[in-house]
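Here is the structure we will look at.
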Amino acid sequence: MNSYIFDHRGTTTNGAMNVDSKSSGRTSSIHDPAIANGMHGVITSLNTIMVFPHKPVQRNNIGAAPRAEGAQIKMHQVEAFSWLWGRQARKLINEAVGTFLSLQKTLSESGPDQHKATLVKKCREYRSMIQACAEDTAIQAPLTNGEVPMDQDEIESSGQMLYKMELILSLIEILFIDTKPGGAIMGQLVSWIRLHFTQCTEKRREAMDSDHPHQHPAYWEAVYGLVLQGRMDEARQMLSHHPNAGTDPFLSIDELLRKMPVYQVYGGVSEAEFTVRWQHWQSECERRLQDAHFSTCHQLQTICQILCGDQGTINSLVDLMDTWYHLMVSTLLFTTPTVKLFRLHSAAQDAITCIGGEQRTTSLDHVLLAAMEVDALQVIKECQQVLDNSWFTAHVTDLLFHTLGLKSEQKFLPELRESLLLDYASMLVGHNSLWQVGLLYLDHCGSAGLAMAQAVLQRIPLTDDSRAMKVIQMASDRDFDNVVVSICRVMGRRALSLGRLGAAVWWGVRSRDAAFTSHLAHQILHKYVAEGKFESSPLLDHLGPAMLLSDTLTFLGKYREFHTLYQDGKFLNAATLLVSLISSKLAPEYFWPVLLLDALPLLKSEEPVITAEQTYELMYCLHNLSHNVNKKDKNNPLETEAAITSFLEKEKDIRLALSDNLARAIIHEGSIQD
């Protein structure tokens with residue numbers, strides 16, 4: 001059998017398969033001549049398909065293709081593979097489930113006024129996990145046994161995907177979750193650009209680390225980049241290292257950079273007042289530019305033109321900004337610093353036009369554009385196209401669902417959230433070591449999730465007792481009683497097949513299966529008759545109320561209690577219990593010889609512990625037993641030859657002991673009455 005593992009881009013770990021790199025990544029081929037005329041596939045698990053050749057055979061094999069001598073029929077196991085199965089992503093999965101569950105619990109227990117703060121906090125936790133995962137991927141820690149190292153292309157691909165995930169999620173946090181009063185977003189967008197575009201700070205470091213920073217090729221590019229991101233203090237610090245920093249042009253631009261107003265929603269300054277200050281400051285920038293304050297240094301003139309919001313100058317520096325959204329934010333920073341959320345999409349379209357139009361946009365750009373349109377449904381759709389796993393879309397949809405609630409225009413979110421969580425959980429439960437995480441997500445997928453959780457728990461391979469106990473605990477937590485019973489029956493029969501009768505009884509008791517438990521109790525009794533010792537005595541000593549599950553198990557538990565009383569020297573209680581087991585007909589008939597033999601030492605005790613009435617019960621039992629033995633009926637339940645032989649050898653002693661005990665008991669009881 002050949003195994004192939006596909007990722008969501010259509011690649012495989014087996015060289016026997018080809019993938020068209022120009023295709024959508026969804027079509028792969030298996031090189032096997034036997035399947036040229038067709039093949040069948042059987043779904044063997046949630047993530048695995050077994051593929052094998054198929055040739056239609058007509059009745060009486062007429063028309064069937066002849067099979068070449070010695071030809072082999074191969075089965076191909078096709079497994080779905082995702083980036084999520086990698087070591088770094090596993091850490092992301094295990095950490096994310098904690099945040100997900102904490103979010104659901106906190107929102108259910110807190111008031112609506114606290115929901116926003118909780119959502120912002122959890123969103124940032126997701127972002128931190130993604131960033132940590134990106135760092136781990138870049139570092140590539142030493143591999144453990146069995147792990148396959150990632151090649152450089154895989155490392156770069158994973159790093160790019162994680163970067164996209166964090167970039168999208170941070171923008172969603174700004175535009176959907178952590179919204180500010182009045183729709184002001186400039187400050188958050190600037191922080192977003194600063195976080196994800198660090199070229200200017202890297203160039204600044206390169207220039208400042210050189211012997212003559214102002215002569216470094218990256219010096220002025222770093223200054224422009226810092227200004228375009230609103231990092232005025234860092235730009236001033238770089239300009240202060242220029243040899244001409246004390247001249248009038250440098251002092252003038254330093255003053256303009258220092259005095260640039262920055263709008264803060266909670267800064268105590270109204271939007272109208274800020275607008276007045278901004279217009280006054282920008283007018284001063286334009287005046288100094290017109291008065292040729294910077295004519296001796298064209299770089300300073302360029303900086304002043306940026307401060308004036310000159311669109312042509314800002315567009316000319318697009319190479320320092322890389323993307324249209326960086327260009328958009330830098331343009332808005334110096335033209336419309338109080339821009340509102342509802343105007344963001346038109347600004348985005350202007351920036352896209354400047355870089356060459358829609359034909360130069362990517363699938364990532366479409367996600368960001370959808371976010372800027374505040375279109376939650378389109379954001380989710382585009383995310384599914386950009387990323388090769390359902391981790392991101394499931395958690396993003398959950399955040400959007402809790403953020404937007406049940407608004408009239410977002411009524412699709414509850415069902416979409418449940419569907420995407422179900423898809424993500426379905427992928428996890430099909431994995432050997434992640435199924436427990438998947439179950440935690442299924443708990444939040446409504447009735448469909450509960451149904452799938454039951455099916456998953458019933459199909460988990462029960463490799464050992466600890467795995468079975470873990471599955472039972474998870475089923476019990478969800479009140480899946482039928483699953484618990486089913487697993488206990490399976491484990492009980494497995495223990496029985498291995499000869500572990502004590503463990504089998506325990507599983508039978510857990511399953512509440514009376515018939516199976518009764519059968520096991522008979523097995524233990526037969527083994528005791530044959531070997532003279534009990535299987536797993538401690539277990540039988542602590543059955544408690546569970547012994548009432550079947551009559552045979554009740555007898556077994558009481559018989560063990562008899563042995564305990566006898567060993568503790570409580571002969572009177574032991575005798576009473578032993579006779580009651582016989583007289584109540586609770587004991588199987590094949591076990592009567594054992595009970596009579598157990599009574600022999602009690603009958604011979606110095607002081608009579610068995611009463612005259614109890615002695616009559618034992619005599620009646622002996623009579624019936626002797627009659628059955630003498631009949632020699634093939635259907636006689638006395639099928640154990642060892643027990644019959646032992647009984648026949650001791651029968652005379654038992655009769656004498658009964659007679660002697662009866663006489664002593666009558667005399668003893670008469671003396672007490674007198």
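As a basis for the values below, the full set of heavy atoms in this structure was taken, side chains included, without hydrogen atoms, waters or symmetry mates.
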Heavy-atom closest pair, residues Thr397 and Thr393: OG1-O, 2.6 Å

query: Are any of the side-chain heavy atoms of Phe562 and Gln567 separated by less than 4.5 Å?
result: no

- prompt: Would you say the side chain of Ile610 lies within less than 4.5 Å of the side chain of Leu603, judging by non-hydrogen atoms?
  reply: yes

- request: Report yes if some heavy atom in the side chain of Trp506 is under 4.5 Å from a heavy atom in the side chain of Asp465; otherwise report no.
  value: no

- prompt: What is the distance from atom CD of Gln454 to atom OG of Ser486, rounded to the nearest 0.5 Å?
  reply: 11.0 Å

Nearest non-hydrogen partners of Glu617 and Ser583, listed with the distance: OE1-CB, 3.5 Å

message: If only side-chain N and O atoms count, and only distance matters, is there a donor-acceptor pair under 3.5 Å linking Asp443 with Gln104?
response: no

message: Quick check for you: to the nearest 0.5 Å, what is the distance between Asn94 atom CG and Leu434 atom CG?
response: 6.5 Å

message: Side chains of Val509 and Leu553, heavy atoms from C-beta outward: is any pair under 4.5 Å?
response: yes

message: Tell me whether the rings of His522 and Tyr590 are parallel (<30°), tilted (30 to 60°) or perpendicular (>60°).
response: tilted

- request: For residues Gly492 and Ala504, report the shortest heavy-atom separation together with the two atoms involved.
  value: O-CB, 3.6 Å

query: Nearest heavy-atom pair of Pro414 and Phe401: which atoms, and what distance?
result: CG-CE1, 3.6 Å

Pair Asp598-Tyr559, side-chain donor/acceptor within less than 3.5 Å: yes

message: Apply side-chain contact (heavy atoms from CB on, under 4.5 Å) to residues Met427 and Asp423 and explain how you reach the verdict.
response: CA-CA 6 Å; Met427 183 171 62; Asp423 288 344; over 6 Å; no

Single hit among Leu618, Thr615, Leu656 for side chain to side chain contact (heavy atoms under 4.5 Å, CB included) with Asn661: Thr615

- prompt: Are Thr99 and Glu125 linked by a side-chain donor-acceptor pair shorter than 3.5 Å?
  reply: yes

- request: Compute whether any side-chain donor of one residue and acceptor of the other, for Tyr424 and His395, lie under 3.5 angstrom apart.
  value: no

message: Check for me whether Arg489 meets the cation-pi criterion with Phe516, that is, NZ or CZ under 6.0 Å from the six-membered ring centre and within 45 degrees of the ring axis.
response: no

field: Straight-line distance of Gln131 CD to Met165 CE, nearest 0.5 Å
entry: 11.5 Å

message: Other residues, nucleotides and ligands only: do more than 12 of their heavy atoms fall within 6.0 Å of NZ on Lys116?
response: yes

task: For Tyr616, look at atom OH and say whether over 12 heavy atoms of other residues, nucleotides or ligands are found less than 6.0 Å away.
output: no

task: Take Leu496 and His519, measure what side-chain contact (heavy atoms from CB on, under 4.5 Å) needs, and give me the verdict at the end.
output: CA-CA 10 Å; Leu496 178 60; His519 171 70; 4.0 Å; yes

- prompt: Would a line drawn from the ring center of Phe100 to the ring center of Tyr126 be shorter than 6.0 Å?
  reply: no

- prompt: Atom OG1 in Thr137, atom NZ in Lys91: separation rounded to 0.5 Å?
  reply: 10.5 Å

message: For a quick test of reading the model, state the closest non-hydrogen atom pair linking Asp464 to Arg467 and the distance between them.
response: OD1-N, 2.7 Å

message: How long is the straight-line distance from NZ of Lys122 back to CG of Leu399, given to the nearest 0.5 Å?
response: 11.0 Å

- prompt: What closest approach, in Å, do Gly508 and Thr517 show between heavy atoms, and which atom pair accounts for it?
  reply: O-OG1, 3.3 Å

Arg500 side, atom CZ; Met491 side, atom CE - distance, nearest 0.5 Å: 7.0 Å

